[in-house]
Amino acid sequence: MTDMLVKLYALPPLAPLAALLARDSVVMRRPLACEKHLVTAWFGGLFGVGWASECETAFSRLPVACFIAAQEARIAGVACYDCTCRNFFGPIGVAPTWRGRQIGRGLLLACLHAMAAEGYAYAIIGGAGPLAFFSRSAGAVAIEGSTPGIYPDRATPPLTEKLA
Ligand SMILES: CC(C)(COP(=O)(O)OP(=O)(O)OC[C@H]1O[C@@H](n2cnc3c(N)ncnc32)[C@H](O)[C@@H]1OP(=O)(O)O)[C@@H](O)C(=O)NCCC(=O)NCCS
C-alpha cells in the first residue's frame with residue numbers, strides 16, 4: 001500500500017458535511033478520555049487489534065487526536081491522526097452498515113482540519129487502502145515510491161511471533 005499526501009491549506013470545508021450528517025442525528029466530535037475503552041473496543045472489534053492499538057495512542061494526546069461519528073450512543077465511525085507517526089492521518093473506519101453516507105469523508109476532513117489548526121501544512125495518509133476515497137474526499141495524491149513506507153514488510157513475522 002502506498003502513502004498519500006494532502007494539502008491542508010486547500011481543504012474542502014467541513015461545515016456542509018457536518019450539517020448533512022446532523023440531518024441523520026450523526027454528530028462528529030472528539031471522544032472524551034473516559035470513552036477510550038468504548039472507542040478502542042469498537043475499533044478492535046471491527047478492524048483488529050492493530051488499529052485499536054493505534055487508536056489508543058490518540059488518547060495519549062490532548063486534545064485527543066481522534067474524532068468519532070456517533071448517533072446518540074452508537075458509534076458509526078472513528079478516525080485518528082498523529083498515532084503512527086507525527087503528521088500521519090489514520091486509521092479510519094466506518095461500520096459496514098453506515099458506509100456510503102459521507103461519514104468517512106466527514107471524519108477524514110474533521111481530522112485534517114484539526115491537523116491544519118495544529119500547524120501542519122501537509123498531512124500524510126499512511127498506507128492508504130482505498131486511494132479513490134482519499135483523493136475524492138480530500139484531494140490526496142499518491143507519494144511515489146512510498147510502498148511499504150514505514151510499515152514492516154508483510155513477509156516478516158510480526159513482533160509478537162518473533163518474541164514467542
Ligand atoms: C473507506 C471508508 C472509511 C469510507 O467510508 P464511507 O463513509 O463509506 O465513505 P463516504 O460515504 O464518506 O465516501 C466519500 C467518497 O469516497 C468514495 N468512496 C468511499 N469508499 C470508497 C472505496 N472503498 N473506494 C473508492 N471510493 C470510495 C465514495 O463513493 C464517495 O465519493 P463521492 O461522494 O465523491 O461520490 C469505509 O469504507 C471503511 O471503513 N472501510 C474499511 C476500512 C478502511 O479501508 N479504511 C481505510 C484504511 S487506509
Side-chain angles (χ1 to χ4, degrees), residues 1-8 10-31 38-59 64-116 120 122-154 158:
M1 286 196 286
T2 192
D3 295 338
M4 300 183 86
L5 194 67
V6 184
K7 295 174 187 167
L8 297 181
L11 288 175
L14 179 60
L17 267 177
L20 180 77
L21 298 181
R23 278 192 234 154
D24 284 337
S25 303
V26 174
V27 174
M28 289 187 295
R29 63 173 174 84
R30 291 184 199 262
L38 298 171
V39 176
T40 55
W42 181 92
F43 236 145
L46 281 175
F47 299 102
V49 290
W51 285 16
S53 295
E54 290 182 320
C55 185
E56 281 193 27
T57 306
F59 282 88
V64 174
C66 174
F67 282 82
I68 61 171
Q71 188 188 58
E72 297 175 356
R74 286 181 300 172
I75 297 175
V78 177
C80 310
Y81 62 96
D82 275 352
C83 290
T84 307
C85 292
R86 281 192 201 275
N87 212 10
F88 263 40
F89 168 82
I92 178 171
V94 173
T97 50
W98 288 94
R99 289 183 193 163
R101 296 164 70 170
Q102 302 293 314
I103 289 173
R105 190 197 300 260
L107 287 171
L108 171 66
L109 289 180
C111 288
L112 295 178
H113 277 282
M115 293 175 80
Y120 293 116
Y122 295 87
I124 296 160
I125 297 162
L131 302 190
F133 164 70
F134 293 110
S135 58
R136 291 175 77 92
S137 301
V141 293
I143 300 173
E144 203 175 321
S146 61
T147 304
I150 59 103
Y151 291 95
D153 185 343
R154 297 292 173 198

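When a ligand or atom number is given, it counts from 1 through the structure's own listing order. This is a predicted model, so every value here is computed, not measured.
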Handout entry: Evaluation steps, side-chain contact (heavy atoms from CB on, under 4.5 Å), between Ile92 and Val78
Key = CA-CA 6 Å; Ile92 178 171; Val78 177; over 6 Å; no
Problem - Residue pair Val6, Phe89: steps toward the side-chain contact (heavy atoms from CB on, under 4.5 Å) verdict - result: CA-CA 10 Å; Val6 184; Phe89 168 82; over 6 Å; no
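Residues Glu54 and Thr84 have side chains that bring a donor and an acceptor to within less than 3.5 angstrom of each other.
A donor-acceptor pair under 3.5 Å links the side-chain atoms of Gln71 to the main chain of Asp24, judged by distance alone. Remark: side-chain polar atoms of Arg105 are paired, donor with acceptor, to backbone N or O of Arg136 under 3.5 angstrom.
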Run through all N or O atoms in ligand 1 and write down each protein N or O closer than 3.5 Å, as a pair with its distance.
from: ligand 1; atom 1: 7 (O); to: Gly104; atom 2: N; distance (Å): 2.8
from: ligand 1; atom 1: 8 (O); to: Gly100; atom 2: N; distance (Å): 2.9
from: ligand 1; atom 1: 11 (O); to: Arg101; atom 2: N; distance (Å): 3.3
from: ligand 1; atom 1: 11 (O); to: Gln102; atom 2: N; distance (Å): 2.9
from: ligand 1; atom 1: 12 (O); to: Gly104; atom 2: N; distance (Å): 3.4
from: ligand 1; atom 1: 12 (O); to: Arg105; atom 2: N; distance (Å): 2.8
from: ligand 1; atom 1: 31 (O); to: Arg136; atom 2: NE; distance (Å): 3.1
from: ligand 1; atom 1: 33 (O); to: Gln102; atom 2: NE2; distance (Å): 3.0
from: ligand 1; atom 1: 33 (O); to: Arg105; atom 2: NH2; distance (Å): 2.5
from: ligand 1; atom 1: 34 (O); to: Arg105; atom 2: NH2; distance (Å): 2.7
from: ligand 1; atom 1: 34 (O); to: Arg136; atom 2: NE; distance (Å): 3.0
from: ligand 1; atom 1: 34 (O); to: Arg136; atom 2: NH2; distance (Å): 3.2
from: ligand 1; atom 1: 35 (O); to: Arg136; atom 2: NH2; distance (Å): 2.8
from: ligand 1; atom 1: 39 (O); to: Val94; atom 2: N; distance (Å): 2.8
from: ligand 1; atom 1: 39 (O); to: Val94; atom 2: O; distance (Å): 3.4
from: ligand 1; atom 1: 45 (N); to: Ile92; atom 2: O; distance (Å): 3.0

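Using bins of under 30°, 30° to 60° and over 60° for the plane-to-plane angle, the ring pair Phe67/Tyr81 lands in the parallel bin.
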